[in-house]
Amino acid sequence: DGFSAEKLFSQGYSYTYDDVIFLPHYIDFPTDAVQLATRVSSNVPLSIPCVASPMDTVSETCMAVAMAALGGIAFVHSNTTPSEQAAMVASAKSRRVPILSSPVFKAPSGRIESADDFGDSPYILVTESGSAKSKLLGYVSKVDWQNRNDKEVKIYDYMVNSSASVPSSFDLGQIDAFLEEKKANFVPMVDNDEVLDLVTKEDVERIKGYPKLAKGSVGADGRWLVGASIGTREQDKERLEHLVKAGVNVVVLDSSQGNSIYQIDMIKHIKKNYRELDVIGGNVVTINQADNLIQAGVDGLRVGMGSGSICTTQEVCAVGRGQATAVYKVSSTAYKNKIPVIADGGISNSGHIVKALTLGASTVMMGSFLAGSTEAPGAYEYQNGQRIKKYRGMGSLEAMTKGSDARYLGDTAKLKIAQGVVGAVKDKGSVLKFIPYTMQAVKQGFQDLGASSLQSAHDLLRSRTLRLEVRTGAAQVEGGIHGLVSYEKKYF
Ligand code: XMP
């Protein structure tokens, strides 16, 4: 019944996740017996197969900390100076609890104009200069301000003076004990006169509800795993130096077409000079491309070309591949060489994750799926009554103007050609909340397939035990929500 992957993917069609569907197999274990432990690259193990994309609207310090806390990893983007990128990596690696807030700062001589000044935070922190990088003097709580509601009065007239803080090296238990002892509802996290975060009692209680969070992905250095992206130009060797000093655990060579002499040279440079550092090559979508990078010595492969939600590469350049086919084909050669594959782009639900992993990937890399989260860079805005966050392609003109054109090897060209768009995604809340739910859904998918781990899913696929089919257009409509006058889409 159905087809083997080998047969299905050798008929001359380029399929994406929605085109294909797995046939259910036999269940002889509970959902919780499913293990999602994996590797993002040969020497970097993760406890969940989730990776945040190196994009400037997705992965900075906050996302890196949260993904590591969840047992995944984020790659801090390189659309910034080498020292800024390295500082983000170092900052993420210094943490021991997921960052929870984006504190708002004011100087004592300032005023609070309205409750909106508090943003999402119940407190405004008062520092000498009104920025994060200056001495902490005290705070104003939103409740106090609302009771007073006087925008004429200067902050120093009513702020609570307090420089109580904890260092970023404190773990959840230590922060909890501090709040208990001081009978406090929150505490700022401060290192060297820089306020890094503000942790509330509520946050501590919430994290305690996810017991696995406190452990997270820990590297051989005993600290959280953090990745970063670099390009393949000469100056990227210097960037790499900065990142290595900051303690980066793995780097990805960020390119839309990774099978190039530039990338092969960079892989060789890294393997020769940084023996301890894993390097992921890509992006690739064919067996040929993958084999070239494997031969050059990569520790992981990133797969996808034009499948991302903000991508226009296939339209602009006429090259790419349907993501299901690309993941299956590249994984088939990577598997023989024991190189983990990252399925990058096109993930918009847990079913896509199940498909990517079963077709041979070891992890999924996500952009739009994470960009609406609290942990993604940037502030929420409102559009037609909806809370949204900006999300842009690294090949969009806007991002390339900031420097990301190297990804598209367009650095020497006078005319920049966009291969991506600028858009926005819906507010999704914290990744600390929706990723655990998504992983539970993935486990249920694995259970239906009779696969109790990624390895067993790959084995079922390769032994042709796992069967699949292509869905017609009508079958895809049937597989989605249909025929209702109205509905509310809520998964948890
Ligand atoms: P999702 O679907 O998760 O995709 O939003 C994220 C992935 O898309 C790639 N990416 C781009 N591809 N033009 C492209 O053709 C772009 O401007 C662009 N920006 C990101 C990248 O692989 C990312 O992980």
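This structure is a prediction, so every number in the text was calculated from the model and none was measured. When a ligand or atom number is given, it counts from 1 through the structure's own listing order.
Residue contact annotation: Ser396 has a non-hydrogen atom under 4.0 Å from ligand 1. Ligand 1 lies within reach of Arg302, whose nearest heavy atom is under 4.0 Å from it. Taking 4.0 Å as the cut-off, Gly304 does not count as a neighbour of ligand 1 on heavy-atom distance.
A salt bridge links Lys390 with Glu398; the closest basic N to acidic carboxylate O contact falls under 4.0 Å. We find that Asp236 and Arg239 are joined by a salt bridge, their nearest charged nitrogen and carboxylate oxygen being less than 4.0 Å apart. Salt bridge absent: Lys389 and Glu381 never bring a charged side-chain N and a carboxylate O closer than 4.0 Å.
Looking only at side-chain heavy atoms (C-beta outward), Ser229 and Gln85 come within less than 4.5 Å of each other. With a 4.5 Å cut-off on side-chain heavy atoms, Leu293 and Val284 count as touching.
Heavy-atom proximity to Tyr391, at under 4.0 Å, picks out these atoms of ligand 1: 1 (P), 4 (O), 5 (O), 6 (C). Close contacts between ligand 1 and Gln419 involve ligand atoms 13 (N), 14 (C), 15 (O), 16 (C), 17 (O) [criterion: under 4.0 Å to a heavy atom]. Short contacts between ligand 1 and Thr313, defined as distances under 4.0 Å to a heavy atom of the residue, involve ligand atoms 14 (C), 15 (O).
When the options Val303, Ile310, Asp344 are ranked by their closest heavy atom to atom 10 (N) of ligand 1, first place goes to Ile310. The residue from Ser53, Ser309, Ala52, Gly345 that puts a heavy atom closest to atom 23 (C) of ligand 1 is Ser53.
Sorted by first and then second residue, the side chain to side chain donor-acceptor pair (under 3.5 Å) pairs with a member in residues 317-332 read Ser307-Gln323; sequence neighbours excluded.
Residue contacts with ligand 1, taken as heavy atom pairs separated by less than 4.0 Å, involve Met55 solely via side-chain atoms from C-beta onward. Under 4.0 Å from ligand 1, not a single heavy atom of Phe369 appears.
Between the side chains of Gln455 and Gln35, no donor-acceptor pair is found at a separation under 3.5 Å.
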Acceptor/donor pairs from residues 242-252 side chains to any protein atom, 3.5 angstrom cut, sequence neighbours excluded:
unit_1 : atom_1 : unit_2 : atom_2 : d
His242 : ND1    : Glu238 : O      : 3.2
Asn249 : OD1    : Lys93  : NZ     : 2.7
Asn249 : OD1    : Val226 : N      : 3.0

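Checked by distance only, ligand 1 and Met394 come closer than 3.5 Å through their nitrogen or oxygen atoms. Considering backbone and side-chain atoms alike, Ile347 places every N or O at 3.5 Å or more from each N or O of ligand 1.
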